[in-house]
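Atoms within a ligand are numbered from 1 in the order they appear, just like the ligands themselves.
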Amino acid sequence: MTEFFHDVPAPVAFAGTDAGDGLAYRVYDPNRVVAGKTMAEHLRIAVCYWHSFNWPGSDVFGAGTFDRPWLQAGVDPMQAAFDKQDAAFEFFTKLGTPYYCFHDVDMAPEGATAAESGHNLHVLVERAAQKQAETGVKLLWGTANVFSHPRYAAGAATNPDPDVFARAAVQVRNMMDATHFLGGENYVLWGGREGYETLLNTRLRREADQLARFLTMVAEYKRKIGFTGTLLLEPKPQEPTKHQYDYDSATVMGFLERYDLVGEYFVNIEVNHATLGGHSFHHEIATALDLGVFGSVDANRGDPQNGWDTDQFPNSVEEMSLAVYEILRHGGFTTGGFNFDTKLRRQSLDRDDLFHGHIGGIDSLARSLLVAAAMLEDGSIERFRDQRYAGWGTPRGERILAGGVDLATLADETIASGVDPQPVSGRQEWLENEVNRVIWSTPT
Ligand code: XLS
Ligand code: NI
Ligand code: NI
């Protein structure tokens, strides 16, 4: 087997912040113990197959720019898929990350019929199992791409045509089988085209009922095959559709409640999708955790000036520290992890650019983990929050919340007692300074 990343020594090692400008981890030391677990156990990093190996660097205005020989026209599709898989596992191994994620069509070429596509997938998945056994790399999640093929232009589960729903069922059934067979820890459904372009041709209630029916069938099939991983929905507000139904974590939770699916599905939150929805990443993480629906993360960020999914490598320690803080505070990931659903920029042509992108992102997460652990240990933010809500822990607060008093009684009692509450500072600037104090003072 010829090496694709032949200029990169294997594997990329931890070299500390004094490392030169070559390929090395400056903060991420997989075996370093932080807050009771190793960095690798906390972060559970995954590399995505699609942007890194199945995307040629094209955009809406131009052709592919990357050096990905298996994507060239005229190569035999199965041989190309084997070469791509070899390069992908070489990359995972050299990067030293424990997990990867893929869609069916990233790994296996689509055939002329559903049966032929299923066969191709089967061949590639058997080969992936072999590669996983050889390298020790594991599958964080699998997913089916039911949004790229023209048949899905009007949605998969939400399509006006039941035959399209049925074709999506074929792909999802096959990918759930594949994920189960490969020991995947989660199964993701991103509703790329489960939304609308115009309300003029759309029946909202019907499409929601169809989506719920599909998700119910998926949850039943999970039990039928004995898959013990987590089912994850990936919220996104728009792109490619004008409006996507799984808009954000709170919308997903409302949908799960409406269709009796609470406990069956959790969310895979993407930094860039949170910001496209007009939220901070911190907001989406805190909301999902508080709603009990948090599952996993796609760590790629957006560009603050662009209104689309730029899928850039995470590099803001402040942004990621606040999210990791909330995750740690709730006990960390269970089956989830940080997937790099990240894209290189179209001008990043060298093979080692793929390493630089991932290494920088992983180091930023590792640094954020150190800061988050220090924030937790320091405790000043939680102390402040506890104090701010302390009134609700008094008998008076508890009586109100427990339903021990009705509106009129409460009003009458309040008038009689002459209660006159005074505004209290929210201390936002002090809290922001506290975060920076920890960021600046945490050693690497
Ligand atoms: C697209 C999504 C997609 C999912 C997997 O914006 O992020 O890549 O993660 O289908
Ligand atoms: Ni995305
Ligand atoms: Ni994603």
Assess, by modelled atom type and distance only, whether the side chains of Glu126 and Gln130 contain a donor and an acceptor separated by less than 3.5 Å. no
Distance-only donor-acceptor check, side chains Tyr99 and Arg44, under 3.5 Å: yes
Give the intermediate values and the outcome of ring pair (Phe, Tyr, Trp, His ring centres under 6.0 Å) for residues Phe333 and Phe338. CA-CA 9 Å; Phe333 287 117; Phe338 278 108; 5.2 Å; yes
Indicate yes or no: at least one non-hydrogen side-chain atom of Phe165 is less than 4.5 angstrom from one of Met217. yes
Pick one: which of Trp190, Phe147, Tyr49, Phe53 meets ring-ring contact (aromatic ring centres under 6.0 Å, His included) with His103? Phe147
The Ni ion (ligand 2) to nearest N/O/S of Asp298 below 2.8 Å: no
Assess Glu270: does it contribute an N, O or S atom lying under 2.8 Å from the Ni ion (ligand 2)? yes
Can you report which non-hydrogen protein atom sits closest to atom 9 (O) of ligand 1, along with the distance? Glu234 OE1, 2.7 Å
Counting only nitrogen or oxygen atoms and a 3.5 angstrom limit, does Asn268 reach ligand 1? no
Check whether any N or O atom of His273, backbone or side chain, sits under 3.5 Å from an N or O atom of ligand 1, and answer yes or no. yes
How does Asn145 reach ligand 1, if at all, at less than 4.0 Å between non-hydrogen atoms: by side chain, backbone, both, or neither? neither
Counting only heavy atoms, which portion of Glu239 has something under 4.0 Å from ligand 1: side chain, backbone, both, or neither? neither
By the definition side chain to side chain donor-acceptor pair (under 3.5 Å), identify the one residue from Thr342, Asn300, Asp106, Asp311 that meets it with His51. Asp311
Which of the N/O/S atoms in Asp341 sits closest to the Ni ion (ligand 3)? OD2
Atom nearest to the Ni ion (ligand 3) - Glu234, N, O or S atoms considered: OE2
Does NZ or CZ of Arg301 come closer than 6.0 Å to the centre of the six-membered ring of Phe281, within 45° of the ring's axis? no
Test of ring centre spacing under 6.0 Å for Phe89 and Tyr100: yes
Out of the N/O/S atoms in Asp309, what is the name of the one closest to the Ni ion (ligand 2)? OD2
List ligand 1 atoms under 4.0 Å from Lys236, heavy atoms only on the residue side. 1 (C), 6 (O)
Can you tell me if Val188 contacts ligand 1 (heavy atom of the residue under 4.0 Å from the ligand)? no
